[in-house]
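Read through the structure below, which is laid out as structure tokens, and then see the notes.
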Amino acid sequence: MGKLFIVPTPIGNLEDMTFRAIRVLKEADLILAEDTRTSGKLLKHYEIGTHMYSHHMHNEHKTIDSLTARLQAGETIALISDAGTPAISDPGFLLTRACVEKGVEVECLPGATAFVPALVNSGLPNDRFTFEGFLPEKKGRQTRYLILADEVRTMIIYVSPHKLLKTLAEFITYFGEDRPICVSRELSKLHEENVRGTVREVLTHFEAKAPKGEIVVVVGGKITK
């Protein structure tokens, strides 16, 4: 029986790759990559010559049986995403679940993921929080907002840069303009930015300065009396 390794990769800064992650990728029989072109740059940087195979949201349903068969036959496979920890708003859950169901050992290495530094450096309470990932695009979006409006824990939400202004305007509608938030942009990269304040203040900031790059929004929970 082989083993599936879930291997986090840097969310921006290549120096955030761990020694163990590099070793596992070098020793694996196969690397499953979300985008082989993106991952190819990382592997080249660390002189990793292991063969890659595309594993993304459009083909993961079709490849699970063949991949679990290879694992059951004794191969070691490493799963990576374009950035961060696989299965966190990225492919990985379906294969992990299939391995667990078939008795294939799964091990997730610790490493980079965007929401943890965003939460910690936000300055908002982090003893209890809820990770929402990307909100529904259309169907179910309003319903989700109505539920989150009463959430007392700090909320973590992924937002595409071209949708940030619209999302902040929706926050004003459902959370109020005075709700504290922090928008973290380009975490770990040269132009990292963390904008803290009320929803209104942060919206004003990004109306004057168009947002770019990967974005994580941390929203304070509803204050109850």
Side-chain angles (χ1 to χ4, degrees), residues 1-118 130-137 139-140 156-160 187-189 213-216:
M1 187 74 74
K3 186 174 184 178
L4 174 67
F5 283 96
I6 310 297
V7 182
T9 56
I11 59 175
N13 192 321
L14 288 180
E15 293 181 359
D16 292 334
M17 194 71 172
T18 68
F19 293 119
R20 185 178 173 212
I22 295 170
R23 177 181 60 80
V24 168
L25 293 180
K26 286 184 176 181
E27 295 177 353
D29 297 304
L30 176 68
I31 295 174
L32 301 179
E34 187 177 1
D35 187 326
T36 55
R37 295 166 298 181
T38 299
S39 297
K41 299 174 184 177
L42 176 70
L43 300 192
K44 182 178 180 181
H45 181 81
Y46 285 105
E47 299 179 346
I48 299 170
T50 308
H51 179 68
M52 282 191 294
Y53 180 81
S54 294
H55 182 79
H56 46 75
M57 62 181 294
H58 301 295
N59 74 350
E60 59 180 336
H61 292 83
K62 304 174 184 178
T63 59
I64 287 177
D65 289 341
S66 62
L67 291 173
T68 53
R70 294 179 66 165
L71 287 160
Q72 288 176 310
E75 290 192 37
T76 296
I77 296 179
L79 172 66
I80 61 177
S81 63
D82 288 347
T85 301
I88 303 296
S89 294
D90 276 321
F93 165 69
L94 295 179
L95 180 59
T96 301
R97 181 177 62 181
C99 287
V100 171
E101 291 174 348
K102 294 179 181 295
V104 175
E105 186 177 358
V106 178
E107 183 172 351
C108 181
L109 276 59
T113 187
F115 79 80
V116 174
T130 176
F131 174 74
E132 290 294 320
F134 289 99
L135 295 176
E137 288 293 329
K139 185 178 181 181
I156 303 166
I157 299 171
Y158 286 169
V159 181
S160 300
L187 284 165
S188 83
K189 299 179 183 178
E214 300 296 322
I215 291 173
V216 183

Shortest non-hydrogen pair, G2 vs V104, comes out as O-CG1, 4.0 Å
Minimal heavy-atom distance between D16 and S188, with the atoms involved, is OD2-CB, 3.7 Å
- [ ] Might you confirm whether atom CD of E214 has over 12 heavy atoms from other residues, nucleotides or ligands at distances under 6.0 Å?
- [x] no
For the side chain of E75 and the backbone of R70, is there at least one donor-acceptor N/O pair under 3.5 Å apart? no
Would you find a donor on one side and an acceptor on the other, under 3.5 Å apart, between the side chain of S66 and the backbone of T63?
yes
Separation between OG1 (T85) and CD1 (I6), nearest 0.5 Å, reads 9.5 Å
Note to self: Would you say that M1 contacts Q72 through its side chain, given a criterion of any heavy-atom pair below 4.5 Å between the two side chains?
What the structure shows: yes
Heavy-atom check, side chain of P10 versus side chain of L42, under 4.5 Å | yes
inquiry  = Tell me if a side-chain donor or acceptor on D82 pairs with a main-chain N or O of T38 at a distance below 3.5 Å.
reply    = no
The side chain to side chain contact (heavy atoms under 4.5 Å, CB included) partner of E60 among H56, K62, M57 is M57
In this structure, CD1 of I11 is separated from CG of L187 (nearest 0.5 Å) by 5.0 Å
_Using side-chain heavy atoms (C-beta onward) and a distance below 4.5 Å, is P86 in contact with V7?_
no
The reported gap from NE2 in H51 to CG in L32 (rounded to nearest 0.5 angstrom) is 9.5 Å
CZ (R97) and CG (L95) are apart, to the nearest 0.5 Å, by 11.0 Å
Nearest heavy-atom approach of A83 to D90 is O-OD2, 3.7 Å
- Derivation of the side-chain contact (heavy atoms from CB on, under 4.5 Å) call for I48 and I31: CA-CA 10 Å; I48 299 170; I31 295 174; 4.2 Å; yes
- Task: Evaluate the side-chain proximity of I88 to F131: yes if any heavy-atom separation is below 4.5 Å, no if none is.
- Result: yes
- Message: Evaluate L67 against L30 for side-chain contact (heavy atoms from CB on, under 4.5 Å), listing each step before the verdict.
- Response: CA-CA 10 Å; L67 291 173; L30 176 68; 4.3 Å; yes
In short, M17 meets L25 closest at the heavy-atom pair CE-CD1, 3.4 Å
d(E34 CD, M52 CE) to nearest 0.5 Å is 12.5 Å
Shortest non-hydrogen pair, L94 vs I64, comes out as CB-CD1, 3.5 Å
d(K102 NZ, L4 CG) to nearest 0.5 Å is 13.5 Å
Correct closest heavy-atom pair for S89 and G133 would be OG-CA, 3.9 Å
For E15, I'd like to know if atom CD has over 12 heavy atoms of other residues, nucleotides or ligands within 6.0 Å. no
Short question: side chain of D29, backbone of T76 - any donor-acceptor pair under 3.5 Å? yes
Q. Can you check whether L14's main-chain N or O pairs, donor with acceptor, with Y46's side chain at less than 3.5 Å?
A. yes
TODO: Decide yes or no for V216 and Y158: does some side-chain heavy atom of the first lie under 4.5 Å from some side-chain heavy atom of the second?
DONE: yes
